[in-house]
A.B. asks: 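After the structure tokens below, expect a handful of questions from me.
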Amino acid sequence: MLRRVVRQSKFRHVFGQAVRNDQCYDDIRVSRVTWDSSFCAVNPKFVAIIIDASGGGAFLVLPLQKTGRIDKVYPTVCGHTGPVLDIDWCPHNDLVIASGSEDCTVMVWQIPEHGLETALSEPVVVLEGHSKRVGIVSWHPTARNVLLSAGCDNQIIIWNVGTGEAMINLEDMHPDVIFSVSWSRNGSLLCTACKDKKVRVIDPRKKKIVAEKDKAHEGVRPMRAIFLADGNIFTTGFSRMSERQLGLWKSDNMDEPICVQEMDTSNGVLLPFYDPDTNIVYLCGKGDSSIRYFEITDEAPFVHYLNTFSTKEPQRGMGYMPKRGLDVNKCEIARFYKLHERKCEPIIMTVPRKVSVFMSSNKYAVLSLLFYSVPSSSSFCILHCPPLFVCFLLSPPAQSDLFQDDLYPDTAGPDPTLEAEEWFAGKNGSPILISLKDGYISTKNRDLKVVKTNVLETKPATKATKAENISTVQKHASSQPSVVSEERMMSCNWCLYCGVLVLLLL
């Protein structure tokens with residue numbers, strides 16, 4: 001019996017592709033702050049980018065469709081008095097974003113439905129409690145209006161944004177700077193990476209360290225740690241010899257790793273982006289010009305290298321689109337927003353899927369039909385249009401228009417499972433899942449208001465409807481054409497007919 005050499009995986013051929021230049025966001029002054037955050041946050045409506053700004057901190061919020069050159073006077077979100085270090089969109093409201101800054105504050109902003117028309121300098125709420133700059137902000141994955149912030153004062157604060165109160169303060173658990181914080185799938189636990197080379201698993205409501213690992217990576221460069229869907233922990237860091245590493249750990253017993261792999265000797269910090277639906281981790285190194293992606297399974301070596309997407313320009317930051325913002329009709333499983341020095345470039349990750357064998361064979365059936373069904377008077381068109389048929393024969397296989405169930409299992413939707421008060425009282429809940437088969441359309445628009453009792457006021461909104469405009473072109477021949485003009489007309493009509501068929505099968 002032959003041993004299987006190549007590991008079978010439907011993601012083995014995932015490939016990345018940058019969009020055209022006219023679909024990028026140009027002339028953006030990306031922040032030059034020396035802080036290892038992504039500098040970019042994306043949701044299905046907007047892309048937010050931290051930029052250089054004089055007299056304080058600011059970031060851009062652009063509708064996804066506003067591509068091309070961005071005017072220098074385009075309005076910004078500019079309420080901070082110091083540089084902005086981190087931003088994060090609320091997973092339960094696509095119009096709400098939080099920002100942390102060197103001015104030691106966290107601000108929560110409400111973006112207008114159609115984007116900014118004037119500069120936004122008044123936040124919905126200002127959260128004050130840190131004594132040093134705030135480098136990390138992260139929303140709770142399942143509870144409405146619960147926000148976490150971590151500062152260089154070595155403490156983590158969890159806020160109830162609806163009341164503007166600091167509900168939990170974890171101030172004695174980290175003796176040094178906190179590099180990263182990650183929520184578990186249901187938001188019951190935290191995973192942190194600290195400058196003291198320890199990875200900690202924390203129950204924030206009990207203010208208790210559940211597990212920790214000393215020297216998960218022995219290098220002095222910053223580490224990152226994130227929770228996976230199955231509860232395991234994925235880490236990136238550096239070895240004692242300054243080689244970049246990735247590691248996989250069990251959250252309940254971190255004495256020994258499940259696996260540790262060495263990658264290369266670059267010095268850029270690896271930012272992990274995780275897709276819980278496909279179990280793929282994308283690693284984007286700051287200063288690198290590539291994105292590596294790995295699939296995590298239960299089979300050794302557990303973290304399987306898939307491929308690398310490379311470009312010429314180094315990346316200064318990276319944004320990651322939630323699953324409900326992807327184009328499922330093109331088998332798109334991830335979309336990144338790569339920050340250059342003066343540009344933001346979307347990068348699409350796609351699983352190649354061919355059309356059925358019937359459709360592939362139909363290409364040649366249609367070609368035969370064209371040759372045998374075209375009238376003899378149209379021989380001019382066939383003989384003088386060889387590029388048409390060359391393109392037809394050499395056209396790449398089309399992607400399937402059918403929904404790919406195996407690529408798009410039900411994913412986390414924008415509806416919260418819990419209210420803030422329920423979570424702080426000790427209740428847990430898994431994310432509410434939605435199907436992407438017909439494309440997800442939000443049915444609610446929520447306004448964020450800071451009150452004493454209620455957090456978000458829900459307003460009924462009309463369901464978004466998609467109007468399909470189908471334009472038809474009718475061609476009318478001349479009523480009394482001459483013999484020559486009639487022959488030319490038929491030739492042109494058949495040429496147009498052939499061209500339409502080629503376009504339909506591309």
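Just so you know, these numbers come straight off a predicted model, no measurement behind them. As a basis for the values below, the full set of heavy atoms in this structure was taken, side chains included, without hydrogen atoms, waters or symmetry mates.
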A.B. asks: Between Asn160 and Arg144, is there a side-chain donor-acceptor contact under 3.5 Å, judged purely by atom types and distance?
C.D. replies: no
A.B. asks: Check whether the side chains of Asp288 and Ser290 place a donor and an acceptor atom closer than 3.5 Å, and report yes or no.
C.D. replies: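 Per modelled atom types, Asp288 and Ser290 side chains form no pair under 3.5 Å.
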A.B. asks: Assess the side chains of Glu295 and His304: does a donor N or O sit below 3.5 Å from an acceptor N or O?
C.D. replies: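 On atom types as modelled, these side chains do not qualify, holding no pair under 3.5 Å.
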A.B. asks: Do Trp183 and Trp423 have ring centres separated by under 6.0 Å?
C.D. replies: yes
A.B. asks: Within the supplied structure, the quantity of interest is the number of heavy atoms (other residues, nucleotides, ligands) at a distance under 6.0 Å from Lys195 NZ; does it exceed 12?
C.D. replies: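 Result for NZ/Lys195: open.
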A.B. asks: Between His130 and Ser149, is any side-chain donor less than 3.5 angstrom from a side-chain acceptor?
C.D. replies: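 Indeed, the side chains of His130 and Ser149 share at least one donor-acceptor pair under 3.5 Å.
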A.B. asks: Give a yes or no answer on whether the side chain of Asp36 reaches the backbone of Pro222 with a donor-acceptor pair at less than 3.5 Å.
C.D. replies: no
A.B. asks: Would you indicate whether the side-chain heavy atoms of Val146 and Ile158 approach each other to under 4.5 Å?
C.D. replies: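 In contact.
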A.B. asks: With no hydrogens and no angle check, is any side-chain donor or acceptor of Asp275 less than 3.5 Å from a backbone partner on Asp277?
C.D. replies: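 Judged by distance alone, yes, a pair lies under 3.5 Å.
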A.B. asks: Could you tell me if the side chain of Cys194 sits less than 4.5 Å from the side chain of His174, heavy atoms only?
C.D. replies: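 A side-chain contact exists here, since the closest heavy-atom pair is under 4.5 Å.
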A.B. asks: Assess the residue pair Ile111 and Trp89 against the criterion (side chain to side chain contact (heavy atoms under 4.5 Å, CB included)); give the C-alpha distance rounded to whole Å, side-chain angles, the decisive distance to 0.1 Å, and a yes or no.
C.D. replies: CA-CA 11 Å; Ile111 306 300; Trp89 286 104; 3.9 Å; yes
A.B. asks: A side-chain contact here means heavy atoms from C-beta on lying under 4.5 Å apart; do Val108 and Ile97 qualify?
C.D. replies: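 Counting from C-beta outward, Val108 and Ile97 never come under 4.5 Å.
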A.B. asks: Does the side chain of Lys207 come within less than 4.5 Å of Ile168's, by heavy atoms?
C.D. replies: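 Ile168 vs Lys207: side chains touch.
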A.B. asks: Please say which of Met318, Gln315, Lys286 ends up in a side-chain contact (heavy atoms from CB on, under 4.5 Å) with Phe39.
C.D. replies: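 Going through the options one by one, the only one that passes is Lys286.
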A.B. asks: With Tyr282, which residues qualify under ring-ring contact (aromatic ring centres under 6.0 Å, His included), at least two apart?
C.D. replies: Tyr293, Phe336
A.B. asks: Looking at residues at least two apart in the chain, or sitting in another chain, which of them share a side chain to side chain contact (heavy atoms under 4.5 Å, CB included) with Ser289?
C.D. replies: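 For Ser289, the residues satisfying side chain to side chain contact (heavy atoms under 4.5 Å, CB included) (neighbours in sequence not counted) are Thr311.
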